[in-house]
Amino acid sequence: MSESEKLTCVCGKKRENLNITNWKRHLDNCKQRKTKINSRSITSFFNIPKPKKVCMDTDTICYPYPTSDAFINDSGSSVHEQIKQKDMILTSSSLNKNVLDSVVGNTFSQIAKEIDQDSVLDSVVGNTFSQIAKEIDQDSDMNSINTDMETVDIEVDTEMETVDMFRNDPAHFVKLKHITPEIRSLILELGPCQPLSNDLPGKSFPKNGSKENRSFKEIYYYRILPDKTKCLRDWLSYSPSKNKIYCMHCFLFGTNLHKNLEKSWTKNGFDSWKNLSSGIEYHELTNDHINATLKYKLRKTSTPILPSLEYQRKIEVSMNRQVINEIIDIVLYLARHNLAFRGHRDNWSVSSPGGNFKDLVILLAKSSAPLSDHLNSIKLKKKGQISFVTWERQNQLIDSISHDISSQIQQAVVQSNMFSISIDSTFDASRREQVSFVIRYVDDTFGLIHERVIAIKESPITTGKDLYSLFVAIMEKEKLNWKDCLVGQSYDGASNMRGNYKGLQAHIKRECPQALYVWCHAHRLALVVKQAVSCDSNSRDLFGNLESLYVLLWCSKKRAATFREAQKKHSDLKYTQEHAVKRVCTTRWNSHSAALNVVIKFHHAVLQTLEEIKNLEGVTDATVGANCSGLIDYFTSRRFLLTAFTFKKLFDILEVVTRQFQTHDMDILLATSIVTKTINSIRKLRANNSFEEIIKLTDNFINESDTDFIPLKNIRPRRVPIKAGELMQDDPIVCPIKKFEVETYNAVIDMTLNELSDRFETTNIGPLKDIALLSYRRIQEVHNDPTMLPKDSFIELCEVYSKINRDCLISEYMQFCKNLNEFENNLNLPKFLHDVSNNKSSNDEDENDNNDDNISMFELNTYDDLNETSNDNDQRAIKNIGSTKKIFQMFCTANLTSCFPNLYVALKLSVTLPISSCSVERSFSKLKLIKTKLRTSMLQDRLENLMKISCEKDLNPIVDNIILSLAGKSSSLCKALVY
């Protein structure tokens, strides 16, 4: 007994004042001490011990293998005890518990994962003991051990070979505390360990070392039945390493294993060979053994059925996924075309027509066998049949598709690491305030600008503080770091949006100072037009009468039909489409221009319609007759023509600008350039001879028309008495044409110029001046003369956006300007691939081309050229005419990010900043198509999901992600859709 054992037991009890007799009695009866001595941890089996050095000390010899109860000789004594008898102590290093746990966990995880479980056991069991044996054999220091130790080595090697020979030795598994289904399947596949005597070392079963000197006999593998036939005991498993037998049925499927008798057959093993026959017979008659054997037989009988059941389940899952694929296509079609899903009668057990969703499912079922079988099972109402076509499944599918679209947008925004936001609100058909959120970001791969709808939320209160709280909630939901990545914000001019103290932009700037606010250019231009059309009496009369004409004709279907018939009579509709009179509405883009163009184009049809209404309805209705007479008098006056052509000339310039501002790929630099060119173009209308063009247009229109127009009236000038102190008297304008030019034409042009200058004055303030240096023209100027770069360039830009280093930006900017021509020559194809110097005409053309200013891919059409070639049907007129986007795309295409990182960030910032909130207005158009008067009961979540699918048609949802998201909605869907 060691000194530690003399003081403290394994269970923790201390000797203290106990005498030697009572202390020995406690040590002999301590259960924990017996368990620790007799038990063998599974970690010691799977652990690969490291070889130890042999210490040739006279008192202690350390061997390269650990001591274990697995090394038992025939006499029943351990190797350690034999060495101890020869005054040799075999010691082993303590194993780290964490390392052992990892080894055990990895070993059994491999057992569970590998398909070829036999090879796994070979690698785990065989390699372990073979490596131990090799380490013992390969140790060069073992040659110096005395002859007594050689006998010990031979015995140990023999036992290791025995362990390595039988992979299904029950001693490998009986010490496991928890048996997973994978390990149970592995043990059953290996079967019981029933070696014959010839398979063992020494060609016989080892003796137990008792007085009887008995051993196990292989005859006990069989049971003799009453009819003298032999029956294999498939439960009996012999352990060559322990020289004990175990009941594998009770070990794997048994109960009441805490009993001493059952424990001897499952944990400790049975080795009382004297009582073996009676012990086996008694164990076979116990209820626990019979129940465990029945469980084993039942499992063995049902095991061949399980693969077929699993195969059948996978076939059902595959069919269900095909059905979901068909339904996803139907949902996408209906959502992208803004169509209703459900009807009044959507009972699937009845074949009566229902909603669009039901009809499309029935239509596709004719060519889809899985969908047809699914519908038939729903109609038959099979027990346990899950339906994928209910209204609940519709909402879940719509939500899954919308979630996938949002995930794609969120990933793209996070990858871009820079975005801007646009927000606006409107009433829907159910009189609820809907707030739309549109995010703008840039694709770094191709340099494309995207504006995506990320949310549609209801907010009855739209103050700046409430909108800010709603904005923060959406950013958190979408997991966007807006405080660091938000660089711009664009709203309309309402006080709750652009207020300097309580507006939404002010609340955002307090948390994110770099979020530059840009007042929507399209809204500002609409306010300019609104002021221009009401600047004088002639302007107010023109658009007031246009609104009266719309009310008169469009309030009656009979009058509208009369106007259409008049159009057919006075125009060739083979080449001209029928038009309706337009309403003058301040909330719609170009509504004034559209209403005016219809009246000018179909002037004869308008007059004829008014005459017919006057003659037919004016006789009985004095109000209608008076309105028709007044409109006829006004539309047949020269005053109407002069005012109409004045505004038509003005709208021809502003309409193109409005369409430009509505494009989503417009950047702030191009918008500033367009505003400047617009102001210059309108100033040309203020020239002395510009009004003469209006008079010529009016005269030509009168000459081509058969209608007699009322000329301008000569108004007698009023005599104004001279007041005291006045030295001169104003000369009144007597000529009506001159009077119209001064009071109407000049007033309209001056009002438009003043409004443009005032409302777009903030465009050139702050960092936008620095961004203007990124234009191709400024880059070309710096390229020709580097000294032209202002000394304070990029100061305000770098102050607002601290991510950009000003010194590095200037250096990169100068370097890029210096090598601009090289970039252009390498990226652009030359004008001629072959030498055309022999062609005289070609030489002349080349000389003319060289005399022009440098024209490249960045200098596309100018505003004046676009204005001259644009018309109502020319879609090219609304395309982007060139901006910093071209330079940014060159950076992305040529991969110049690493060369000019700060310049790249500045360019990316310029194209990310929004110039309008027209994308939000377009989302409201989708809102009115989706939530109609017949769909006012739609829930907010469904409306938001449908809006995302409808607005983002170019994003293709990933079907596998949709199915996985749908499977997570409920356990029944997960079982039906996941393999």
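Within a 6.0 Å radius of CZ in F427, more than 12 heavy atoms belonging to other residues, nucleotides or ligands are found. The 12-atom threshold is exceeded at NZ of K953, counting heavy atoms of other residues, nucleotides or ligands nearer than 6.0 Å. The neighbour count for K803 NZ, taken as heavy atoms of other residues, nucleotides or ligands under 6.0 Å away, is above 12. Open room surrounds NE2 on H403; 12 or fewer heavy atoms of other groups in view lie less than 6.0 Å from it. Remark: R922 CZ is packed, more than 12 non-hydrogen atoms of other residues, nucleotides or ligands lying under 6.0 Å away.
With salt bridges taken as basic N to acidic carboxylate O contacts below 4.0 Å, one links D652 and K648.
A distance below 6.0 Å separates the ring centres of F602 and H579.
For the atom pair L654 CG and R659 CZ, the distance stands at 12.5 Å (nearest 0.5 Å).
The list of ring-ring contact (aromatic ring centres under 6.0 Å, His included) pairs with a residue in residues 463-484, not counting sequence neighbours, reads Y468-H507, F471-W482. Residue pairs meeting the side chain to side chain donor-acceptor pair (under 3.5 Å) criterion with at least one member in residues 428-439, sequence neighbours excluded: S425-E433, D428-S430, D428-Q434, D428-K931, S430-K931, Q434-Q940, S436-S923.
A cation-pi arrangement is not found for R759 relative to W519, the charged atom failing to lie both closer than 6.0 Å to the ring centre and inside a 45° cone about the ring normal.
Between F794 and Y813, the ring planes are perpendicular. Angles over 60° get that label, and only those under 30° would be called parallel. Between Y550 and W554, the ring planes lie parallel to each other; the angle is under 30°, not in the 30° to 60° tilted range.
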